[in-house]
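Everything on this sheet refers to the single structure shown next.
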There are 2 protein chains.
Amino acid sequence: MTSNFFKDIHEATKNGVAYKNIRLKKKILAYFATNETATIAELSKEFNISIPKINECITELSEDELVKDYGKSTSAVGRKPNTYGLVANSAYFIGVQVGSENLSISMINMKKDIVSKKDNIPYVLENNEESLLAICKEINQFIDKHNILKAKILGIGINLSGRINYRTGYSYSYFNFYEDPLSKFFEENIGIPTFLENDTKALSYAEFSSGILSEEKDALFVNVDNGIGLGIMINGQLYYGKSGFSGEFGHISIFDNDIICKCGKKGCLETEASGYALIRLVTEQINNGATSSLTKKFKKLEDIKLNDIIAAAKKDDNLCIEAINHIGDKLGRGIASLINIFNPELIIIGGVVAKSEEYLSLPLKNAVNKYSLSTVNRDTKIILSFKNENLASYGACLLLRDRLLNITD
Amino acid sequence: MTSNFFKDIHEATKNGVAYKNIRLKKKILAYFATNETATIAELSKEFNISIPKINECITELSEDELVKDYGKSTSAVGRKPNTYGLVANSAYFIGVQVGSENLSISMINMKKDIVSKKDNIPYVLENNEESLLAICKEINQFIDKHNILKAKILGIGINLSGRINYRTGYSYSYFNFYEDPLSKFFEENIGIPTFLENDTKALSYAEFSSGILSEEKDALFVNVDNGIGLGIMINGQLYYGKSGFSGEFGHISIFDNDIICKCGKKGCLETEASGYALIRLVTEQINNGATSSLTKKFKKLEDIKLNDIIAAAKKDDNLCIEAINHIGDKLGRGIASLINIFNPELIIIGGVVAKSEEYLSLPLKNAVNKYSLSTVNRDTKIILSFKNENLASYGACLLLRDRLLNITD
DNA sequence: TCGTATTTGTAAAAATTTTTAATAACTAAA
DNA sequence: TTTAGTTATTAAAAATTTTTACAAATACGA
């Protein structure tokens, strides 16, 4: 049985005291969500609420089975306090990554543990109702597979590529053929509150949540796949911009070349520093007569994929190494601009291209030093991330959990 | 006599109830600071505190002469409520802009009215103690001139160029020869709490506070003087980055030229799109034999200042117009990148160069359309600001007031 | 002009929260 | 093992806040 608490949350018509109680309980849950466990004294101090009152809230939350006793703490002197924390399986959150060729669905519990995960679900993304219904079907199957009450699943976060307004639930690049918000369509088809998110932003959130960040939490995540995406975290929150379209880093104009970008413009960073660029560089040079281990393997140059180039580089293929070096240098120049503007504490480079490790990162860091102000870049750590490609659906879960528990927002 | 309230604020040792009272009063003051006036019912709703309790706070704040009755409101039906608001002259804030060749000092009251202002105070900025003491002397003289109790001046905000950590009060570019924070030096010399700020950020804050922004408040201010500065407002707050060095927009590398920038690097935006660049363009072309109205006026080309070029352009000097056009185009390309990254609701272009109006703004907007994604730039308003050059000291006042009243932070 | 509808402001009653005090739990040193 | 010192928890008392009820203020229409 689900607790009264989540029903209470949505009841707007509550008198002052009842409303304050709910707010305090939410604050306590949010505290547990970030701090794992806490003692009553800690919570009392944190929220400036008396110990008996906190005690009352904890008792009620325990009765609702949202919070439980995690045993005595190990303080030095005096009577040891009880610690309390979230009940892991009191509620669940589902996250869905809609890729162009597959789906990935994850489910986490209150304590961020992955309860279930299904990756590489065959699926073809097309901008029509059939393709949309296929997503719903997969999600419903995923839910049915588990023996979990629907009421215990507090929400579903769905990542789509392209332009998303997470506040309104509208998608502008895909499935934008209804008048109502797309999130409403999902809700009606699945029966659980649904929230949309841009895929790069959700992935960034997962990366940022991995515990590397300090207090301030101003960080950037650069996703280098075929294209280049950017997730911006400012003061611990994802940054969206006026309509949620922030982070179009791949299309800043910093080159004077004549290469037409996917966006239609010239001189974009993406034309020289992305996976697309990497493939173009390699195939161009092979066409110009350069030799590479790839020429034996692939009859048709169109079949060469990003991973093939990176694998070849790791086997000392000079052409590929140099091409990756080139990408690293150009990307580094772009990242130098980000450092000058944001003065971030951390930049994470992820995506498939990051797997080329030092072939990418050394020229990249070199270019950063060359093109950004030393007083500014001194503060910025740059790291590569080799996380699982299916991290995005986990990011959707995390983001959803943190939003519903009011940690973010 | 100053109220008890500000003394209370700094007393950390208060029991729970007293502390909550102070916090509620601060919230009420902060509300008044942004909303001018409010009724008791409004405040009760806003903070979820009962009407009698709010009434009690308002009564006490009135007794402390921080708040006063602003008369009946004009609601449609029923008994008309009293409105309350800040007492304009219950307290004051001083802001100081330290320029390279002069000082500007402003004083505002609680309601943001400029009570006193002194601009163009002769002064030479040098990185030594003498120059620092000269600032203190001017501030002390400014204070003495007014018949205002020191205790009523709640703080002094001082803008310096270069790298400032406003949280710690350290300055890294100027007056960095003491072990203690520079802010402490000022406090000891003046006897009033002092806060340092970067000049571009303070100026930005003044520009952002002029009431053009909507709720979200994601905006950028580009200051185009000799160099280029950038102030970033995110979610209504100035963005600092890890150590307060954010906004080095002038030194992002986007050109493949060979011009050495003031920062020592090549290819910076500033080499093609700043006041420096404008002067360089004009003098270079005159040296190359181009004709201009400026050649008659100035025997030595080194004497040509930014304002001269802008004035000449406004009198249809073709050479100057084309040079400004060039700056506009290049700056627009840089701003296009900012739009792609930030998706801001507003970009304000200020500084001396902004005074060239459409000679600058038309090529600039054209370049923005050319180089940024239309789906993103559609949201962004770009406006020129022709505000007084001495706005920065007012910005320091505003920022200080809003910080002390806890509106920001 | 008067009565009705509506909302504010305030006083008293009721409910809630904090504070204080007492007790329980625990460590470390005698 | 006992005792002094420290902190947690609980219970009761005190203080505070909210709620309720009602008088005062205002607009509008009869």
Side-chain angles (χ1 to χ4, degrees), chain A residues 4-5 8 11-28 31-32 35 37-63 67-85, chain B residues 4-5 8 11-28 31-32 35 37-63 67-85:
Chain A
N4 305 315
F5 183 71
D8 285 356
E11 273 185 52
T13 42
K14 283 272 177 187
N15 63 20
V17 175
Y19 177 77
K20 278 186 193 170
N21 267 328
I22 290 174
R23 285 224 309 194
L24 180 55
K25 285 187 195 173
K26 280 187 87 172
K27 276 159 88 178
I28 291 174
Y31 188 91
F32 285 139
N35 300 63
T37 60
T39 66
I40 288 178
E42 273 165 31
L43 293 169
S44 168
K45 213 169 187 179
E46 174 76 15
F47 302 124
N48 281 107
I49 298 288
S50 71
I51 284 174
K53 180 66 194 165
I54 297 286
N55 194 46
E56 180 194 315
C57 288
I58 292 286
T59 306
E60 286 175 24
L61 286 169
S62 300
E63 280 164 5
V67 163
K68 71 168 194 179
D69 193 327
Y70 272 80
K72 305 278 179 203
S73 89
T74 49
S75 57
V77 284
R79 175 172 168 181
K80 291 182 176 168
N82 271 335
T83 58
Y84 299 89
Chain B
N4 305 317
F5 183 71
D8 285 355
E11 272 184 56
T13 44
K14 283 270 179 191
N15 62 21
V17 175
Y19 177 77
K20 278 187 193 169
N21 267 326
I22 289 175
R23 285 224 312 195
L24 179 54
K25 284 186 195 173
K26 280 187 87 171
K27 277 160 88 178
I28 292 173
Y31 189 90
F32 284 140
N35 300 64
T37 60
T39 66
I40 287 178
E42 273 165 31
L43 293 169
S44 168
K45 213 169 188 179
E46 174 76 15
F47 301 124
N48 282 107
I49 299 286
S50 71
I51 286 174
K53 180 66 193 165
I54 297 286
N55 195 44
E56 180 193 315
C57 288
I58 292 285
T59 306
E60 286 175 23
L61 286 168
S62 299
E63 279 165 6
V67 162
K68 69 169 195 180
D69 193 327
Y70 273 79
K72 306 276 179 205
S73 90
T74 49
S75 58
V77 283
R79 176 173 166 179
K80 290 183 176 169
N82 270 336
T83 59
Y84 299 89

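Letters A, B, ... are given to chains in the order of the sequence lines, protein chains preceding strands, and every chain is numbered from 1. Predicted, not measured: the structure shown is a model, and the values here were computed from it.
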Measure [atom1]/[X] against [atom2]/[N] and give the value in whole Å, please.
| X | N | atom1 | atom2 | result |
| --- | --- | --- | --- | --- |
| B:Asn48 | C:dT17 | CG | P | 14 Å |
| B:Lys72 | D:dA25 | NZ | P | 8 Å |
| B:Ile54 | C:dT8 | CD1 | C1' | 15 Å |
| A:Arg23 | C:dT16 | CZ | P | 18 Å |
| B:Glu56 | D:dT17 | CD | C1' | 9 Å |

OP1, OP2 of [N] versus side-chain N and O of [X]: anything below 4.0 Å?
| X | N | result |
| --- | --- | --- |
| A:Asn82 | D:dT9 | yes |
| B:Lys80 | D:dA27 | yes |
| B:Lys20 | C:dT18 | yes |
| A:Lys53 | C:dT18 | no |
| A:Asn55 | D:dT10 | yes |

Determine whether [X] and [Y] make a side-chain contact, defined as any pair of heavy atoms from C-beta on separated by less than 4.5 Å.
| X | Y | result |
| --- | --- | --- |
| B:Lys20 | B:Leu24 | no |
| B:Lys72 | B:Asn82 | yes |
| B:Lys80 | B:Thr39 | no |

Answer yes or no: is there an ion pair linking A:Lys53 with A:Glu56, defined by an N-O contact shorter than 4.0 Å?
yes

By nearest atom, which of the nucleotides D:dT17, C:dG9, D:dT10 is closest to the B:Val17 side chain?
D:dT17

Closest to the A:Pro81 side chain, choosing from D:dA8, D:dT18, C:dT18:
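Of the candidates, D:dA8 comes closest.
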
Counting distance alone, no hydrogens or angles: does the base of D:dA25 have a donor or acceptor under 3.5 Å from a partner atom on the side chain of B:Arg79?
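Donor-acceptor pair under 3.5 Å: no.
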
